[in-house]
Novice: 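Structure below; questions to follow.
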2 protein chains.
Amino acid sequence: MTDQNLRDMLQTRGLKATFQRITILDYLMTHETHPTADMIHLDLKEISLATIYNTLEKLVDVGLVIVIDTQKDDKRHYDYYGEPHYHIINNNTNEIIDADNFDVAPLFEAARQASGLNITGFHIEIYGVDPDEAK
Amino acid sequence: MTDQNLRDMLQTRGLKATFQRITILDYLMTHETHPTADMIHLDLKEISLATIYNTLEKLVDVGLVIVIDTQKDDKRHYDYYGEPHYHIINNNTNEIIDADNFDVAPLFEAARQASGLNITGFHIEIYGVDPDEAK
DNA sequence: TAACTAAATTAGAATAATTCTAAAAGAGGA
DNA sequence: TCCTCTTTTAGAATTATTCTAATTTAGTTA
């Protein structure tokens, strides 16, 4: 992903292409670690923590990034959301796995029927344990 | 739900049946409001906020209650989880709707295949907007 | 290319949800 | 009823996140 590609991703969504936004978006696209704001700040020390939070909020607003609440700690985790997907959380290791082998269309239709709303998005977290481990 | 029923629900899950736990569990079972700890405390002033948090944590641990992160505020919302269900969040009103018209078995199987884990639970939030409202 | 302006960035302070502490009260078994 | 371990509690502490107000910058216009 070139710098120009990243600029385009931001600008087509109405966001100014600042150094900080380009850097943070690139960071999220190239890391599978589902980092917290603080973890990003540790790696990108030249960007202030306030800007990390501001930028993440903007990226979430335009749909490039989503927030994951793992329920394992009190921090928000962030994930590049180029393609819609769901998360599998290993309760033994707290690892977050991305997966997309599931068609959400039937779930969307069920939600539309239940609520009458126009469905705009989803967050799915599936929890599991290692088969070896005693539960 | 009688007091004795509530006691049994707690004791069969290894929790002592204290007045506070019975009261909070009953509160969650009889309110569809998906309250925060603070909202519960406003209604149950005789129970300290620390105990509200402690009790909710225990109830979540034993699976009677789940946490919903609406992403609309910075507070955790709690929901009695007698029957597994998913949530539909209205982005216009921030209302949380319970729904269970969807079979999660195929999703569990997909998650098992993707991760190799034994699946133990799920959290699903579907976001939508009123059809009338301009998006 | 220089000037302009609204938006973005920043350091540090402020906020507030949640957790911690340690002392008092209570549940359930003997 | 007694005993022991668990639970409850008030208030302090923690800390993730937000706010503030001054500075800088991106993108546009001349």
Side-chain angles (χ1 to χ4, degrees), chain A residues 3-27 34-62 64-79 94, chain B residues 3-4 6-27 34-62 64-78 94:
Chain A
D3 188 83
Q4 189 55 51
N5 292 146
L6 293 164
R7 301 184 91 84
D8 289 346
M9 289 179 65
L10 292 166
Q11 289 176 331
T12 59
R13 290 169 177 83
L15 297 181
K16 281 191 181 178
T18 65
F19 164 77
Q20 291 85 346
R21 289 175 179 171
I22 293 165
T23 305
I24 292 171
L25 178 56
D26 186 50
Y27 183 92
H34 305 88
T36 62
D38 193 58
M39 289 162 66
I40 298 170
H41 186 232
L42 283 175
D43 282 341
L44 304 176
K45 293 210 183 59
E46 71 274 22
I47 301 176
S48 80
L49 187 54
T51 296
I52 306 252
Y53 276 107
N54 289 342
T55 300
L56 289 170
E57 183 182 19
K58 294 284 188 189
L59 295 176
V60 169
D61 284 348
V62 300
L64 280 173
V65 167
I66 66 169
V67 179
I68 310 170
D69 177 23
T70 66
Q71 320 238 148
K72 310 300 287 188
D73 58 30
D74 294 340
K75 299 164 191 166
R76 297 184 193 142
H77 292 249
Y78 294 87
D79 188 14
N94 297 344
Chain B
D3 188 84
Q4 188 57 50
L6 293 163
R7 302 184 90 84
D8 289 346
M9 288 179 66
L10 293 166
Q11 289 175 331
T12 59
R13 289 169 177 83
L15 297 181
K16 282 193 180 177
T18 65
F19 165 78
Q20 291 84 347
R21 288 174 181 171
I22 293 165
T23 305
I24 293 170
L25 178 56
D26 187 49
Y27 183 93
H34 307 86
T36 63
D38 193 56
M39 290 162 65
I40 298 171
H41 186 231
L42 284 175
D43 282 341
L44 303 177
K45 294 212 183 58
E46 72 273 25
I47 301 176
S48 78
L49 187 54
T51 297
I52 307 254
Y53 276 107
N54 289 343
T55 300
L56 289 170
E57 182 181 19
K58 294 285 188 188
L59 295 176
V60 169
D61 283 348
V62 301
L64 280 173
V65 168
I66 66 169
V67 179
I68 309 170
D69 176 24
T70 67
Q71 319 237 155
K72 311 299 287 190
D73 58 31
D74 293 341
K75 299 162 189 166
R76 296 183 194 145
H77 293 250
Y78 294 87
N94 296 345

Novice: Please give, in whole Å, the distance from C:dT9 P to A:E46 CD?
Specialist: 13 Å
Novice: Nearest to the B:R21 side chain among D:dT9, D:dG27, D:dT7, which nucleotide is it?
Specialist: D:dT7
Novice: Taking the side chain of A:Y53 as heavy atoms from C-beta outward, which of D:dT18, D:dA10, D:dT7 is closest to it?
Specialist: D:dT18
Novice: CD of A:Q20 versus P of C:dT9: gap in Å, rounded?
Specialist: 5 Å
Novice: Taking B:H41 for its side chain and B:S48 for its backbone only, find out whether a donor-acceptor pair lies under 3.5 Å.
Specialist: no
Novice: Round to a whole Å and report the spacing from CG of A:N54 to C1' of D:dT20.
Specialist: 12 Å
Novice: Contacts to DNA chain D from residues 70-77 of chain A, heavy-atom cutoff under 4.0 Å, which residues?
Specialist: A:D74, A:K75, A:R76
Novice: Taking CD1 from B:I22 and C1' from C:dA27, how many angstroms apart are they, rounded to a whole number?
Specialist: 11 Å
Novice: What is the distance from CD1 of A:I47 to C1' of D:dT24, rounded to the nearest Å?
Specialist: 15 Å
Novice: Over how many whole Å does the gap from B:D38 atom CG to C:dT15 atom C1' extend?
Specialist: 14 Å
Novice: Which sits closer to the 5' end of DNA chain D, B:K16 or B:L49, going by the nucleotide each is nearest to?
Specialist: B:K16
Novice: Please classify the nucleic acid contact of B:T51 as base, sugar-phosphate, or nothing, using heavy-atom distances under 4.0 Å.
Specialist: base
Novice: Check the distance between D:dC5's P and B:L15's CG and give it to me in whole angstrom.
Specialist: 19 Å
Novice: Between D:dT8 atom P and B:E57 atom CD, what is the distance in whole Å?
Specialist: 12 Å
